[in-house]
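Take a look at the structure below.
Just so you know, these numbers come straight off a predicted model, no measurement behind them. Each chain gets a letter, A, B and so on, in the order its sequence line appears, and its residues count up from 1.
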Protein chains: 2
Amino acid sequence: MAEKVTIADVARVAGVSRQTVSNALNTPEVVRPETRQRVLEVVEELGYRVNLAARQMRTGRSGLIAIRVDPVGDGINGSVFDRFLHGLTEAAAEAGHRLLLYTAADDHKEIAAFEDLLGAHEPDAFVLTSTHHKDLRTSWLLERQLPFVTFGRPWSELPDVRHPWVDVDGAAGTEAATEHLLAAGHRRIAFIGWPPGSGVGDDRRLGWSRALAGAGLDPTGLSRETDDGSVEGEDAARDLLAGDPDITALVCASDSLALGALQVARSPNPAWHAEAYRRIAVIGFDDTPVAKAIGLTSVHQPLTEAAARCMSLLSRALEGTPPSHLLLPPFLVVRQSA
Amino acid sequence: MAEKVTIADVARVAGVSRQTVSNALNTPEVVRPETRQRVLEVVEELGYRVNLAARQMRTGRSGLIAIRVDPVGDGINGSVFDRFLHGLTEAAAEAGHRLLLYTAADDHKEIAAFEDLLGAHEPDAFVLTSTHHKDLRTSWLLERQLPFVTFGRPWSELPDVRHPWVDVDGAAGTEAATEHLLAAGHRRIAFIGWPPGSGVGDDRRLGWSRALAGAGLDPTGLSRETDDGSVEGEDAARDLLAGDPDITALVCASDSLALGALQVARSPNPAWHAEAYRRIAVIGFDDTPVAKAIGLTSVHQPLTEAAARCMSLLSRALEGTPPSHLLLPPFLVVRQSA
DNA sequence: AGGCATGATTTGATCGTTCAAAGTTAGAGA
DNA sequence: TCTCTAACTTTGAACGATCAAATCATGCCT
């Protein structure tokens with residue numbers, strides 16, 4: 001390790017006191033300009049860097065922002081989080097913070113992780129992802145008045161916004177996808193989504209039905225609910241197409257589902273239906289690398305922007321500004337599949 | 001924030017001194033068993049957690065391990081790093097450490113980031129990925145005797161191992177891929193890789209040529225060098241297949257390249273060659289979600305294990321054990337493409 | 001010239017932990 | 001009984017920064 005330069009060293013060389021150095025760096029306006037200039041020169045010359053552990057001990061601020069990473073999943077949808085994480089790392093760095101990673105298997109474990117972290121590394125704030133109904137984590141953090149932002153809106157009954165959040169307007173995404181299909185002449189457009197209860201899933205279904213309603217079409221019988229996954233998507237697509245010969249397009253709640261649906265759409269099995277080959281359009285959600293690779297039209301979430309916005313809301317929260325939120329519009333990336 | 005419990009609180013309640021509490025936790029063997037027991041009970045009861053900032057100030061250890069995340073790339077190969085990161089987060093947590101993220105655009109910037117970090121958060125160690133020839137980072141860290149491990153072997157001239165590293169045996173991977181093709185009866189097997197000079201790329205090419213040599217086959221004219229990317233892979237595949245009508249299989253240095261190659265292989269263009277449709281086998285590298293999605297046979301790297309091994313080598317390095325290294329074997333995941 | 005407000009800088013204390021050294025206790029041996 | 005050693009525990013200092021309060025300058029007004 002190189003020689004450590006402390007604030008006392010800088011003070012000695014600059015011929016001022018510790019506190020003046022501290023002020024020159026943290027509260028420049030209370031220091032006479034020429035003094036500040038001299039101090040800054042010495043800081044530069046000696047390569048002084050504030051020791052955050054010492055600062056943290058006094059001020060309680062660590063400069064850390066904690067965020068959870070999940071265990072390795074199927075990898076398809078995981079890329080969404082990863083892109084967000086990369087964006088957040090950069091945004092945090094610009095705001096003078098760094099990201100600290102932790103893991104947790106469920107809400108309760110995550111709250112235990114909060115306690116661990118707060119006792120040990122004392123992060124200044126948390127970033128939560130994948131919010132859901134009855135989210136224990138947000139209420140826990142709110143109770144303790146700990147600063148945090150969620151990527152994902154609060155899917156709760158409470159009407160008032162009590163914490164900052166950023167989200168992507170999923171309904172607008174599926175709505176745009178459905179309208180794209182309508183504009184292309186499709187009339188029977190089905191939806192493959194997740195079981196009701198997940199805020200994100202319900203929201204994405206809503207956009208689809210809204211678009212159909214806008215075109216005066218009846219969504220009855222055109223929706224399937226299944227867990228996320230490629231195989232599940234395949235089954236749902238097969239079921240839909242077999243049951244309704246007029247369906248010509250599928251909007252899916254994720255690229256995983258869409259990938260499965262696409263298998264069915266691209267290799268129609270005569271057994272489902274006796275009629276001639278139907279070309280089925282498929283649209284996914286998240287614009288993952290997989291979508292790009294296989295030519296799947298998909299709804300793209302502006303993750304880098306979302307990350308940057310999360311960070312700026314967090315900065316404001318750390319300054320004590322009352323919470324606000326932001327709903328970002330996604331956009332459709334049109335490829336071969338629709 | 002909840003009431004802070006300090007070591008002094010524990011000491012008071014347990015009726016011992018601060019230092020005894022500290023010893024009970026950090027050096028249990030010097031404390032009488034019944035004293036230790038009592039202390040631990042009080043620790044539990046009060047929910048005491050060591051304040052790492054204070055500890056760090058005294059011991060210099062922060063409990064942090066720093067790792068760089070790159071800006072969002074094409075996403076296909078990025079997933080390799082992300083899986084590694086997830087594994088590392090878990091492994092680090094088990095060893096009582098946490099991961100700290102930072103970004104940097106190149107080697108020089110990264111060294112500047114080292115300096116920033118060491119002055120500020122003082123990570124105990126670094127994990128470096130994507131090592132390369134003339135890696136400035138490793139020499140910088142070695143000079144200062146800072147603990148680190150690389151995921152990626154040192155691609156340098158120096159014969160002696162001077163730092164711990166973990167890597168996946170890329171040559172063994174492409175060799176296995178090639179042998180798989182040989183076993184399936186292929187005889188003209190081409191390789192699409194990166195320009196020479198990148199250790200990883202050269203290594204992967206080596207495995208392919210070694211397998212051919214082992215089967216008594218001549219690799220001349222069967223290799224193409226191009227930058228990474230789907231389009232590049234497509235061009236290279238087209239070039240190879242057009243130039244040599246006997247080629248029946250392609251081994252690629254990445255899934256990105258393989259994805260492009262697969263486009264060519266799956267939709268043969270009569271213009272390249274007048275003869276009948278050739279079914280071309282394609283094998284990629286990294287077993288990304290994309291490979292899984294499109295049925296691409298690919299070489300899988302044991303990333304979770306690699307992460308765990310990195311962590312254990314790091315733990316040893318922190319204890320002062322001399323550096324050692326590990327070359328993990330990858331394995332082939334066979335899908336429809338080969 | 002004296003008093004005073006204002007601005008700039010310094011001093012002493014403190015955050016919570018661990019190190020180093022000093023203190024205490026109990027048991028063995030003389 | 002007294003000494004000595006070994007085992008255990010306590011005490012004081014220090015890590016490097018910032019807060020709070022004190023000190024020192026300076027200029028303005030009466």
Hey, what's the ring geometry for B:Phe151 with B:Phe84, parallel, tilted or perpendicular (30° and 60° as the breaks)?
parallel
Within the 3.5 Å criterion, strictly below it, is a donor on A:Asp167 or A:His325 matched to an acceptor on the partner's side chain?
no
What does B:Arg49 touch in the nucleic acid at a heavy-atom separation under 4.0 angstrom: a base, only the sugar-phosphate, or nothing?
sugar-phosphate
Would you mind reading off the distance between B:Gln19 atom CD and C:dT24 atom P, rounded to a whole angstrom?
17 Å
A:Val31 and A:Arg36 have their tightest heavy-atom pair at CG1-N, 3.6 Å
Looking at CZ of A:Arg98 and CD1 of A:Ile65, how far apart are the two atoms once the value is rounded to the nearest 0.5 Å?
11.5 Å
Is there a donor-acceptor pair under 3.5 Å between the side chain of B:Ser22 and the backbone N or O of B:Arg18?
no
Describe the nucleic acid contact of A:Thr20 in one word from base, sugar-phosphate, nothing, applying a heavy-atom distance below 4.0 Å.
base
Would one find more than 12 heavy atoms of other residues, nucleotides or ligands at under 6.0 Å from atom CD of B:Glu115?
yes
Give me the one residue out of B:Leu128, B:Leu313, B:Val127 that meets side chain to side chain contact (heavy atoms under 4.5 Å, CB included) with B:Phe148.
B:Leu128
From CE of B:Met57 across to P of C:dC19 the rounded distance in Å is 14 Å
Interatomic distance where CZ belongs to A:Arg58 and P belongs to C:dG16 [whole Å]
9 Å
Nearest nucleotide by nearest heavy atom, which residue falls closer to the 5' end of DNA chain D, B:Gly15 or B:Ala54?
B:Gly15
Atom CD1 of B:Ile7 and atom P of C:dT14 are separated, to the nearest Å, by 19 Å
Using the rule given for salt bridge (charged side-chain N to carboxylate O under 4.0 Å, His left out), can you reason through B:Arg137 versus B:Asp107, listing the C-alpha separation, both sets of side-chain angles and the distance that settles it, and then say yes or no?
CA-CA 6 Å; B:Arg137 306 170 301 165; B:Asp107 274 16; 3.7 Å; yes
Measure from CZ on B:Arg61 to P on C:dT18 and round the result to the nearest Å.
13 Å
Answer yes or no: are there more than 12 heavy-atom neighbours, outside A:Glu29 itself, under 6.0 Å from its atom CD?
yes
Pick the closest DNA chain C nucleotide for B:Thr27 and for B:Ala53 by heavy atoms, then say which residue is nearer the 5' end.
B:Ala53
Check the phosphate of C:dG16 against B:Thr6, side-chain N and O only, distance under 4.0 Å to OP1 or OP2. Yes or no?
no
Let's test your reading of the model: under 3.5 Å, does the base of C:dT17 pair with the side chain of B:Arg55 as donor and acceptor?
no
Expressed as a whole number of angstroms, how long is the span from A:Asn23:CG to C:dT11:C1'?
13 Å
Take the protein atom CD of A:Glu29 and the nucleotide atom C1' of C:dT6, then report the distance between them rounded to whole Å.
16 Å
The correct set of residues in residues 32-47 of chain B placing a heavy atom under 4.0 Å from DNA chain D is B:Arg32, B:Thr35
Taking the basic N atoms (NZ, or NE/NH1/NH2) and the acidic carboxylate oxygens, is any pair closer than 4.0 Å for A:Arg309 and A:Glu305?
yes
Between C1' on C:dT17 and CD on B:Glu122, what's the gap in Å once rounded to a whole number?
15 Å
Nucleotide range of DNA chain D contacted by chain A, 5' to 3', under 4.0 Å to a heavy atom?
D:dG16 to D:dA20
Closest listed nucleotide, where the reference is the side chain of B:Tyr48 and the choices are C:dT17, C:dT9, C:dC15
C:dT17
